[in-house]
Asks: 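Encoded as structure tokens, here's the structure I'll be asking about.
Bear in mind the structure is a predicted one, so any value in this text is a computation, not a measurement.
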Amino acid sequence: MGYTDGHFHSYNDRYDFEPVEIPDFLSTGISSRRAAERVSDEVNGVVLNRNHFYRPHSIFEHRHSKVLFVIAFLLGLLTGYDFTIGTKGSDKMKHDEKVPEVTKPTERAPMELLGSLSRITQKLWETTFQEDFGSYRGLILDKSLLNRIFKCSDASREKLKRKLMIKLVEAQMLASTQQATFVWVTAGDSSAAAHGNMYSQSYTATMENIAKAAFDAVGINFIARNYAMADIESAPELSLCMESVYGADIDILTWDFGQTESLSDYRVDLFSNRAAVLPSTPLIMVLDSSAAGHHWSRFQSLEEMGLGAIMMDGVVMSHILKGRLPDFSSANLVVDNTSEAIRNFICNGFLEGSRPCDNPSQNFMCDDEGGEPCRSEKYNAHRWCPGEVRYQTSYNPGWRKHFFTGRFLSLFLIDALNQALLELDNIEKQKPLTRSSLREIYESLKTQQEYDANIFLQNQAVRNSFNETKGYLFDPQRIYRERTFCRTALLPSQVAIMPGLREKAIGADVEFLSKGEPVLTFDPAEGQRCEGLNFDYKDYFAIRKSDSGISLKIPSDAEIDAFSTKKNARSEVLIMLCQRRCVSNTCAPNIIRLDELNAGVEKMFITVNEQPVAKAVPFDGCYLLANDAGLEWRGSSDSYSRYSLQFKLREPDTELQISSVILIY
């Protein structure tokens, strides 16, 4: 069987267009956006406009501009400051050469920042939240509910507060042209990826829409990345490729794999340990339930060892909403004044007309017979994408559940930010904040954060025998804690947008086949016609028959520069290959599986640095390559341990599809 167009698209075919602006799907038809679209909705000089935030072009647009101008003019006469740029006249030319005209204020007192945050939240309460929820606003956004929905130990709560304090102090210390950043990354399954909805209707986007305004008010740039992917577990591939997929600058990393993840302590352990060794030491936000049989109990045991973990309890949130919002299965219910977010959200006692069930094919969430009209109005992506919209199932959440989840997450973060500011205010009362004292506070907080991280790492990682690797022994500590390097084709991923690496990936073309290199490929059957739907794809490195063989060299110079690959690293590594997950788990008959190496069928031959691969050892869906002596592979003799994998396929028209190549040091 020859290659077909459906299985032979190079990576640059996917990215042969310039990114276009996607419409604001967050509105989901809710009238509450009208308040955010009015130019007059202005707080702290930040204008809420179509879910984006920008600063006015002129200070004279401010309602108190005349008074402010007179005050500034008088201050200028007394201090010699130039009003237009806020610097002394003698330094004006020097200043103009270094920074743009618009600068942000520096060294703002915690109480001043609290005031800015308070004004933003008050404005959101009076406009956005009021029109989102109407008369149910107070019932839904009751602050006391946050402690019921979000659960963690006092130690984890302290870790979050400390991380936010570090960002706040950092924001005060940075130059006026820079801004501290707080990075949220969503890792999860199709539920977290918002399948069936517009990508911008995900709870990640809904949360960012609100949280960004609050963080901006205190000088922090809030960034939320939704890197969730359907049909892939949290480990081993995603855990061992964590830096390549999610990034190394994460402050909060979600674990939202509860819908499709089997109850495996090992996967939770591996995901948590790999997160703990990231340089940014992120906290883990677990979207799960405290009910028996769920994953939170395992995270709690790791929390006791020093891991920073917080749970958003989906069962508690559903229970609260069902107890406080109307049920629309009643024919006598009046809905004229009910917002669209609430209307047809609960029917027959279930959110979105879906109920828990015992059907594994539906991920244990089935349509309820009495769930109308909620079932038929669960999704509204057809408003922007007429025609087929995939994945609108009983188990994937609709836009309303994403909306409420995002709102609660944003409120939790705003409350935590408020607590961090109060703590800084207490510190200032003891010692006024100056440049030197800010540096002392920053270094002290960083030291405490590093101490907490070391406490967790000093605890031995859970020992797992990895029964699948019978006959091939290695220290499990390497899998959990030691440095890894991953070259992955999965999307979305942080590596896909890194300068140099992305250009190299786009350059991968069919011509590479003649050069003896893998072809970075995607299957167009995964995509949907309408732009703005799902963005997670199982791209892969295609290895096909070539007279001279296909060579994959890792790491490359660009990868060494981009990642934490160090000189004089361990000279021997474990090498893991993960194969592409085919659409609907159904692969074409010409696709070769790595376990065929073990069946005595000579369909392919693999070497590592010219040493033959004797066996592909299964490891939870991926494979560890083994030689005659074991699992260790010696790298090149230069400053960096490099590895050359050579693939020779013996049959024409066959193909080996690799999603990730992982080195475990």
Asks: Is the shortest distance from a Lys or Arg side-chain nitrogen in Arg298 or Asp269 to a carboxylate oxygen in the other one below 4.0 Å?
Replies: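 Yes.
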Asks: Between Phe222 and Leu413, is a side-chain contact (heavy atoms from CB on, under 4.5 Å) present by the stated rule, with each step listed?
Replies: CA-CA 11 Å; Phe222 184 85; Leu413 289 175; 3.8 Å; yes
Asks: Do you know the tightest heavy-atom contact between Ile250 and Ile252?
Replies: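 Shortest heavy-atom contact: CG2-O, 3.2 Å.
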Asks: Okay, side chain of Asp536, backbone of Pro492: is any donor-acceptor separation there less than 3.5 Å?
Replies: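 No.
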Asks: Is it the case that the side chain of Asn459 and the backbone of Met305 share a donor-acceptor pair, with hydrogens and angles ignored and the cut-off at 3.5 Å?
Replies: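 Side chain of Asn459 to backbone of Met305: a pair is present.
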Asks: Of the options Leu238, Leu240, Val245, which is the one that meets Thr488 in a side chain to side chain contact (heavy atoms under 4.5 Å, CB included)?
Replies: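 For Thr488, the side chain to side chain contact (heavy atoms under 4.5 Å, CB included) check succeeds only for Val245.
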Asks: Taking Lys603 first and then Glu651, would you say they form a salt bridge - that is, a charged N and a carboxylate O separated by under 4.0 Å?
Replies: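 A salt bridge is absent here (no side-chain N lies under 4.0 Å from a carboxylate O).
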Asks: In the structure I gave you, are the side-chain heavy atoms of Pro555 and Leu663 within less than 4.5 Å of one another anywhere?
Replies: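 They are in contact (side-chain heavy atoms under 4.5 Å apart), so the answer is yes.
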Asks: Counting distance only, does the side-chain N/O of Gln611 pair as donor-acceptor with the main-chain N or O of Val608 below 3.5 Å?
Replies: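 No; zero donor-acceptor contacts below 3.5 Å.
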Asks: After noting the C-alpha distance and the side-chain angles of Gln179 and Ile220, does the key distance pass the side-chain contact (heavy atoms from CB on, under 4.5 Å) rule?
Replies: CA-CA 6 Å; Gln179 194 174 25; Ile220 300 174; 5.7 Å; no
Asks: For the ring pair Phe522 and Tyr537, is the centre-to-centre distance below 6.0 Å?
Replies: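 Phe522 vs Tyr537: aromatic centres not under 6.0 Å.
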Asks: Does the Gln579 side chain pair with the main chain of Cys622, one donor and one acceptor, at a distance under 3.5 Å?
Replies: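 Not confirmed, Gln579 side chain does not pair with Cys622 backbone.
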Asks: Measuring only between side-chain heavy atoms, which start at C-beta, is Asp475 closer than 4.5 Å to Gln477?
Replies: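 Side chain of Asp475 against side chain of Gln477, heavy atoms only: contact under 4.5 Å found.
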Asks: Side chains of Asp189 and His195: do they bring a donor and an acceptor to under 3.5 Å?
Replies: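 Their side chains do not contain a donor-acceptor pair, so the 3.5 Å distance test is not met.
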Asks: Ignoring hydrogens and angles, tell me if any N or O in the side chain of Asp539 forms a donor-acceptor pair with the backbone of Leu490 under 3.5 Å.
Replies: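 Between the backbone of Leu490 and the side chain of Asp539 there is no qualifying donor-acceptor contact (under 3.5 Å).
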Asks: Do we see a donor-acceptor contact under 3.5 Å between the side chains of Asn396 and Ser190?
Replies: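 The criterion, which ignores hydrogens and geometry beyond distance, is satisfied for Ser190 and Asn396.
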Asks: Taking Arg580 first and then Asp523, would you say they form a salt bridge - that is, a charged N and a carboxylate O separated by under 4.0 Å?
Replies: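 Answer for the salt bridge query: yes.
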Asks: Just by distance, no angles: are the side chains of Gln494 and Glu243 close enough, under 3.5 Å, to form a donor-acceptor pair?
Replies: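 Note: Gln494 and Glu243 side chains miss the donor-acceptor criterion.
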Asks: Does either side chain, that of Lys212 or that of Asn221, offer a donor lying less than 3.5 Å from an acceptor on the other one?
Replies: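 On atom types as modelled, these side chains qualify, holding a pair under 3.5 Å.
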Asks: So, the side chain of Asn598 versus the backbone of Ala616: is there a donor-acceptor pair under 3.5 Å, distance only?
Replies: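 Side chain of Asn598 to backbone of Ala616, a donor-acceptor pair under 3.5 Å: yes, one is there.
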Asks: Under 3.5 Å, side chain of Asp452 to main-chain N/O of Thr447, donor-acceptor pair present?
Replies: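 Answer holds: no.
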Asks: Looking only at heavy atoms, what is the nearest atom pair of Asp231 and Lys538, with distance?
Replies: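 In terms of heavy atoms, the two residues are closest at O-CE, 4.4 Å.
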Asks: First locate atom CZ of Phe647, then atom CZ of Arg544, and finally report the distance between them rounded to the nearest 0.5 Å.
Replies: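 The CZ atom of Phe647 sits 14.0 Å away from the CZ atom of Arg544.
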Asks: Does the pair Asp249/Arg225 count as a salt bridge with the N-to-O cut at 4.0 Å?
Replies: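 Arg225 and Asp249: salt-bridged.
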Asks: Flag the pair Tyr540 / Ile658 as yes when at least one side-chain heavy-atom distance between them is below 4.5 Å, and no otherwise.
Replies: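 Heavy-atom side-chain distance check fails, nothing below 4.5 Å.
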Asks: Assess the side chains of Glu237 and Ser659: does a donor N or O sit below 3.5 Å from an acceptor N or O?
Replies: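 Yes - a donor-acceptor pair under 3.5 Å links their side chains.
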Asks: What heavy-atom pair brings Asp288 and Trp296 nearest, and what distance separates the two atoms?
Replies: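 What the structure gives for the nearest pair is OD2-N, 3.1 Å.
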Asks: For the residue pair Trp184 and Ile223, establish whether any side-chain heavy-atom pair is separated by less than 4.5 Å.
Replies: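 Trp184 vs Ile223: side chains apart.
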Asks: Looking only at the side chains, is there a donor atom on one of Thr607 and Gln646 sitting less than 3.5 Å from an acceptor on the other?
Replies: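 Absent: no donor and acceptor within the cut-off.
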Asks: Is a side-chain donor or acceptor of Arg642 paired with a backbone partner of Lys553 at a separation under 3.5 angstrom?
Replies: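 No.
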Asks: Any heavy-atom pair between the side chains of Leu533 and Cys530 that's under 4.5 Å?
Replies: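 Touching, per the 4.5 Å side-chain cut-off.
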Asks: Using a strict threshold of under 4.0 Å (side-chain N to carboxylate O), is an ion pair present between Arg267 and Asp620?
Replies: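 Yes, Asp620 and Arg267 are salt-bridged.
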Asks: Taking all non-hydrogen atoms of both residues, which atom of Asn273 and which atom of Phe456 are closest, and how far apart?
Replies: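 Smallest heavy-atom distance, with atoms named: OD1-CE2, 3.7 Å.
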Asks: Rounded to the nearest 0.5 Å, how far apart are OG1 of Thr204 and CG of Leu409?
Replies: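 Going from OG1 on Thr204 over to CG on Leu409, the span is 8.0 Å.
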Asks: Can you measure from OG (Ser200) to CD (Glu208) and round to the nearest 0.5 angstrom?
Replies: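 Rounded to the nearest 0.5 Å, the OG-CD separation comes to 9.5 Å.
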Asks: Do Gln657 and Glu655 have side-chain N/O donor and acceptor atoms under 3.5 Å apart?
Replies: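 Short answer, yes.
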Asks: Using side-chain heavy atoms (C-beta onward) and a distance below 4.5 Å, is Met576 in contact with Phe619?
Replies: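 Met576 reaches Phe619 side chain to side chain.
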Asks: Decide, yes or no, whether a salt bridge links Glu233 with Arg581 under the criterion of side-chain N to carboxylate O below 4.0 Å.
Replies: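 Here Glu233 pairs with Arg581 in a salt bridge, since their nearest N and O are under 4.0 Å apart.
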Asks: Angle between ring planes, Tyr203 versus His402, binned at 30° and 60°: parallel, tilted or perpendicular?
Replies: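 Ring orientation, 0 to 90° scale: parallel.
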Asks: Within the structure provided, determine whether Leu656 and Met604 are in side-chain contact (heavy-atom separation under 4.5 Å).
Replies: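 Touching, per the 4.5 Å side-chain cut-off.
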Asks: In Å and rounded to the nearest 0.5 Å, what is the OH to OH distance from Tyr227 to Tyr246?
Replies: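 One finds 11.0 Å between OH of Tyr227 and OH of Tyr246.
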Asks: Test Leu574 against every option in Leu625, Ile662, Thr484, Leu631 by the side chain to side chain contact (heavy atoms under 4.5 Å, CB included) rule and name the one that passes.
Replies: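 It is Leu631; the other options fail the test.
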Asks: Between atom CG of Asn226 and atom OG1 of Thr254, what is the distance when rounded to the nearest 0.5 Å?
Replies: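 So the gap between those two atoms works out to 8.0 Å.
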Asks: Indicate the atoms forming the closest heavy-atom contact of Ser156 with Gly308, along with that distance.
Replies: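 Nearest heavy atoms, Ser156 then Gly308: OG-CA, 3.7 Å.
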Asks: What orientation do His295 and Trp255 show, parallel under 30°, tilted 30 to 60°, or perpendicular over 60°?
Replies: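 Aromatic pair His295/Trp255 classed tilted.
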Asks: To the nearest 0.5 Å, what is the distance between CE (Met312) and CE (Met285)?
Replies: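 Interatomic distance, Met312 CE to Met285 CE, rounded to 0.5 Å: 8.0 Å.
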Asks: Does Arg487 pair with Glu559 as a salt bridge, N-O distance under 4.0 Å?
Replies: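 Yes, Arg487 and Glu559 are salt-bridged.
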Asks: Salt bridge between Glu632 and Arg478, side-chain N to carboxylate O under 4.0 Å?
Replies: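 A salt bridge is present here (some side-chain N lies under 4.0 Å from a carboxylate O).
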Asks: Checking Ser244 side chain against Cys241 main chain: does a donor-acceptor pair fall under 3.5 Å?
Replies: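 No; zero donor-acceptor contacts below 3.5 Å.
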Asks: Return the minimal non-hydrogen interatomic distance between Pro612 and Asn627, and the atom names on each side.
Replies: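 Here Pro612 and Asn627 meet closest at O-CB, 3.8 Å.
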Asks: Could you check whether any side-chain N or O of Arg650 sits under 3.5 Å from a backbone N or O of Phe605, counting only pairs where one atom can act as donor and the other as acceptor?
Replies: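 Answer holds: no.
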Asks: So do Val613 and Leu597 actually touch side chain to side chain, heavy atoms under 4.5 Å?
Replies: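 Side-chain contact under 4.5 Å: yes.
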